[in-house]
Amino acid sequence: MVAEWWRIYGAFDPEDEHGHYPDPGQVVAHFRRQKGWSQAELARRLGVHPRMIYHLEKQQQGLDSLKRRRQLAEVLNIPPELLGLDPQHPRLTGSPPWWVRDGYPAFPAGDDGYPLPGAVIKYYRLQQVRRQQSGERSWTQADLAEALGLSELAIRRMENRSDYLDSPRRRRMLSAILGIPPHLLGLDVRRPPAPGLASPPPPTFLLVSENSDEDLLITYQRQQAELYAEFRARRQPELLTRALRRLTYLRRLAPLIHEDLLQSILRLEFNYAQLVADGLADLYGVARALPFVKLCLAIARRCEEASRQRQQPTEGVPSDLVANALIGQAIAHFELGETEAARQRADEALERLGQTCPSVQRFVLEEAAHILAHLARDESERKQALTLLDQAGRLLSDSGEAEDPYFLAADPGYYHLSRARTLLALGQARQALGELDQASQQTQPLFITRRLFIVIYRALAHLELKEYEAATTLAIQAAGEARVLNARRALAYLHLLYQRLKESPYGSMPGVARLGWLLGTG
């Protein structure tokens, strides 16, 4: 794995999820200490209150300012590229200025030795083409306002007076959307991104409880329910680390447990492994989750084998776990593009349904319907997908919101979302929108990932209906939410949606450019 490019200067964290630059507050603190200065001394030299330096270093407050970054780079002798600033071009304009010598238009010079940013932005805006039924035209200020999420008045002041352009982030966004070479705006050319997030630290093992096995089991069951609820509400990586610690402890404890309790312990193990797998898939992508997807099936097979050895029926919990693990593997194979493996695992899960509890049956039916609808080779397989959904619907009507021992949340909201996904795969976008309305009404606010996917599938439905503006608006909304949640699985769907929008007749519109920026494609 390639190390962050800035490691030669210091072990700084990435500034954001894109990982192109180090955390500027940490950079400032590092170079301040190298000079032997206190925060108060740096504040004195900058003419600000010492408290401002504290917030600047700890929370990056005041660092979304090109002027401030340049001032800090000069005072602390920070290499400009560490703060995202152009390190190569002279501040003095010369005659002719460096940008003219480099072959760019003769933009008027700004006070900082770079071309006047408003003039640069206007020039590159006019290079953007908007295709319409009546022909092509250049982007207007209104178009750029739409792409940036600003008012048209703000764009006029930006171009005519270079207002609102002290923000490096805004300049970076303009560079990406309009195709402006970053150094014309005083920015560094984007560096290689930092590597993916490191694996969680190895868990520290908990001490074996002095209580009885029965008490320990009840405690872990309660803690497991709390952890699932907490992750659905907050989706923080440290919650997965907690789940992994408990899973590791349970796996060490299992050989010491009385055989009467082994099935319950294995179910606990399975639920923790499933939480880690689902969480890793959401936060970091399916590939990171694969070891735990496979672990789920290994735990399920062990539970099944333990029941056989004790000459107990393998229905009930063992079948619940196996069917659940098989459909989990089918989902992973499907998202990785391994279609035949996905079909095989989905069929194996469906074969187990007669021996499983209602929540597992519904979950398997809904997920298998979605996968098989995408992989349908003929009309009979398309009908099979709809039949599976109808079976899930009848189970839901018969049992209502029954007990959910595997935290699948296979409730009415999820059923309608699954039905919408399957209808979309079958080309029935208008009907899918109706199901998504039902899903939205019956999904609790705490299911933040599900609510995010409802928006994504709405966007996909409008795209299928060639309602490009509505699809783009919804995709922009979902991209903002997905970035806040750092939901990699959702972002992967949005990248595919963006590519389809780019290839559509709407692809040159400002909204699509804004979506691309939000997804980090610029």
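Given the structure is predicted, the values throughout are model-derived calculations rather than measurements. FYI, side chains are in, hydrogens and waters are out, and symmetry mates aren't considered; it's all heavy atoms of this structure.
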Original post:
If every non-hydrogen atom of Val455 is compared with every non-hydrogen atom of Leu474, which pair is closest and at what distance?
Top reply: CG1-O, 3.5 Å
Original post:
Any donor and acceptor pair, going by atom type alone, linking the side chain of Thr356 with main-chain N or O of Leu353 inside 3.5 Å?
Top reply: yes
Original post:
Counting only N and O atoms by type, is there a donor-acceptor contact under 3.5 Å from the side chain of Ser440 to the main-chain atoms of Leu436?
Top reply: no
Original post:
Between the main-chain N or O of Leu83 and the side-chain N or O of Arg69, is there a donor-acceptor pair closer than 3.5 Å?
Top reply: yes
Subject >> SB check Arg169 Glu15 (cutoff 4.0 Å) >> reply: no
**OP:** Check the pair Leu365, Tyr415 against side-chain contact (heavy atoms from CB on, under 4.5 Å), reporting the backbone distance first and the verdict last.
**Re:** CA-CA 10 Å; Leu365 286 166; Tyr415 168 72; over 6 Å; no
Original post:
With distance as the sole criterion, is a donor-acceptor pair present between the side chains of Glu57 and Gln39 under 3.5 Å?
Top reply: yes
Original post:
Is a side-chain donor or acceptor of Arg345 paired with a backbone partner of Leu326 at a separation under 3.5 angstrom?
Top reply: no
**OP:** Give a yes or no answer on whether the side chain of His462 reaches the backbone of Ala429 with a donor-acceptor pair at less than 3.5 Å.
**Re:** no
**OP:** Could you grab the distance from atom CG of Leu72 to atom CG of Leu63, nearest 0.5 Å is fine?
**Re:** 6.5 Å
Original post:
Under 6.0 Å from the CZ atom of Phe447, do we count more than 12 heavy atoms belonging to anything else shown?
Top reply: yes
**OP:** Please assess His30 against Tyr9 for the test ring pair (Phe, Tyr, Trp, His ring centres under 6.0 Å), listing each intermediate value before the final yes or no.
**Re:** CA-CA 9 Å; His30 174 79; Tyr9 296 103; 8.7 Å; no
**OP:** Inspect the contact between Arg500 and Glu503 and indicate whether a charged nitrogen and a carboxylate oxygen are less than 4.0 angstrom apart.
**Re:** no
Subject >> Residues Arg222, Glu226: salt bridge by 4.0 Å N-O rule >> reply: yes
**OP:** Decide yes or no for Met173 and Ser167: does some side-chain heavy atom of the first lie under 4.5 Å from some side-chain heavy atom of the second?
**Re:** no
Original post:
Cut-off 3.5 Å, side chains only: do Asp411 and Gln442 have a donor facing an acceptor?
Top reply: no
Original post:
Strictly by modelled atom types, are Thr449 and Arg235 linked by a side-chain donor-acceptor pair under 3.5 Å?
Top reply: yes
Original post:
Charged N to carboxylate O under 4.0 angstrom, Asp64 versus Arg172?
Top reply: no
Subject >> Close side-chain approach of Asn324 and Cys296, heavy atoms under 4.5 Å >> reply: no
Original post:
Where is the tightest heavy-atom contact between Pro182 and Ser175, given as atom of each residue plus distance?
Top reply: CG-OG, 3.7 Å
Original post:
Could you go step by step and tell me if Phe12 and Tyr21 meet the side-chain contact (heavy atoms from CB on, under 4.5 Å) rule?
Top reply: CA-CA 9 Å; Phe12 311 119; Tyr21 293 97; over 6 Å; no
Subject >> Distance (rounded to the nearest 0.5 Å) between Leu485 CG and Arg483 CZ >> reply: 12.0 Å
Original post:
If you take all heavy atoms of Ala346 and Ile327, which pair is closest and at what distance?
Top reply: CA-CD1, 4.2 Å
Subject >> salt bridge (charged side-chain N to carboxylate O under 4.0 Å, His left out) between Asp347 and Arg352, intermediate numbers included >> reply: CA-CA 9 Å; Asp347 288 340; Arg352 291 281 186 154; over 6 Å; no
Original post:
Among Gln221, Arg246, Gln224, which residue meets the side chain to side chain donor-acceptor pair (under 3.5 Å) test with Asn271?
Top reply: Gln224
Original post:
After noting the C-alpha distance and the side-chain angles of Asp320 and Tyr406, does the key distance pass the side chain to side chain donor-acceptor pair (under 3.5 Å) rule?
Top reply: CA-CA 9 Å; Asp320 287 347; Tyr406 304 101; 2.8 Å; yes
Subject >> 4.5 Å side-chain heavy-atom contact, Arg343 and Ile371 >> reply: no
Original post:
Is a side-chain donor-acceptor pair under 3.5 Å present for Glu348 with Gln344?
Top reply: yes
Original post:
Can you tell me how far CZ of Arg267 sits from CG of Leu262, rounded to the nearest 0.5 angstrom?
Top reply: 13.0 Å
**OP:** Indicate yes or no: does Glu230 engage Arg242 in a salt bridge with an N to O separation below 4.0 Å.
**Re:** yes
Subject >> Geometric class of the Phe407/Tyr228 ring pair [parallel <30°, tilted 30-60°, perpendicular >60°] >> reply: parallel
**OP:** Just grab all the salt bridge (charged side-chain N to carboxylate O under 4.0 Å, His left out) pairs involving residues 432-448, residues at least two apart or on different chains.
**Re:** Arg419-Glu435, Asp437-Arg458
Original post:
Step by step, would you call Tyr493 with Arg489 a side-chain contact (heavy atoms from CB on, under 4.5 Å)?
Top reply: CA-CA 7 Å; Tyr493 275 77; Arg489 178 183 264 166; 4.3 Å; yes
Original post:
With a 4.5 Å heavy-atom cut-off, do Leu452 and Ile448 have their side chains touching?
Top reply: no
**OP:** Decide salt bridge (charged side-chain N to carboxylate O under 4.0 Å, His left out) for Glu305 and Arg302; before the verdict, give the C-alpha distance in whole Å, the side-chain angles of both, and the deciding distance to 0.1 Å.
**Re:** CA-CA 5 Å; Glu305 181 60 28; Arg302 184 182 170 202; over 6 Å; no
Original post:
Do you know which two heavy atoms are closest between Gly285 and Arg488, and how far apart they sit?
Top reply: N-CB, 3.8 Å
Original post:
Is it true that the NZ or CZ of Arg450 lies under 6.0 Å from the centre of Phe453's six-membered ring and within 45 degrees of the ring axis?
Top reply: no
Subject >> Nearest-0.5 Å distance that lies between atom CG in Leu408 and atom CD in Gln361 >> reply: 12.0 Å
Original post:
Under the ring-ring contact (aromatic ring centres under 6.0 Å, His included) rule, what pairs show up with a residue in residues 263-283, not counting sequence neighbours?
Top reply: none
**OP:** Return the minimal non-hydrogen interatomic distance between Ala369 and Ala385, and the atom names on each side.
**Re:** CB-O, 3.4 Å
Subject >> Close side-chain approach of Leu295 to Arg251, heavy-atom, < 4.5 Å >> reply: yes
**OP:** Evaluate the side-chain proximity of Pro412 to Leu396: yes if any heavy-atom separation is below 4.5 Å, no if none is.
**Re:** yes
**OP:** Keeping the roles fixed (side chain from Trp5, backbone from His20), state whether a donor-acceptor pair exists under 3.5 Å.
**Re:** yes
Original post:
Is there a side-chain contact between Leu372 and Leu350, using heavy atoms and a 4.5 Å cut-off?
Top reply: yes
Subject >> Rounded distance [0.5 Å steps], CD in Gln477 versus CD1 in Ile456 >> reply: 10.0 Å
Subject >> Minimum-distance pair of heavy atoms, taken over all atoms of Gly511 and Ile476 >> reply: O-CD1, 3.5 Å
Subject >> Main-chain N/O of Arg234 paired to Gln236 side chain as donor or acceptor, under 3.5 Å >> reply: yes
**OP:** Say whether, by atom type as modelled, one donor and one acceptor occur between the side chain of Arg171 and the main chain of Leu187 under 3.5 angstrom.
**Re:** no
**OP:** Please name all residues satisfying ring pair (Phe, Tyr, Trp, His ring centres under 6.0 Å) with Phe31, sequence neighbours left out, ordered by chain then number.
**Re:** none
Original post:
Is there a side-chain contact between Val512 and Tyr498 (heavy atoms, below 4.5 Å)?
Top reply: yes
Original post:
Are any side-chain N or O atoms of Gln26 and backbone N or O atoms of Asp13, one a donor and one an acceptor, separated by less than 3.5 Å?
Top reply: yes
Original post:
Which residue, His374, Glu366, Glu367, His416, forms the side chain to side chain donor-acceptor pair (under 3.5 Å) with Arg421?
Top reply: Glu367
Original post:
Charged N to carboxylate O under 4.0 angstrom, Arg308 versus Glu304?
Top reply: yes
Original post:
For Leu244, does its backbone N or O pair with a side-chain atom of Thr248 as donor and acceptor, under 3.5 Å?
Top reply: yes
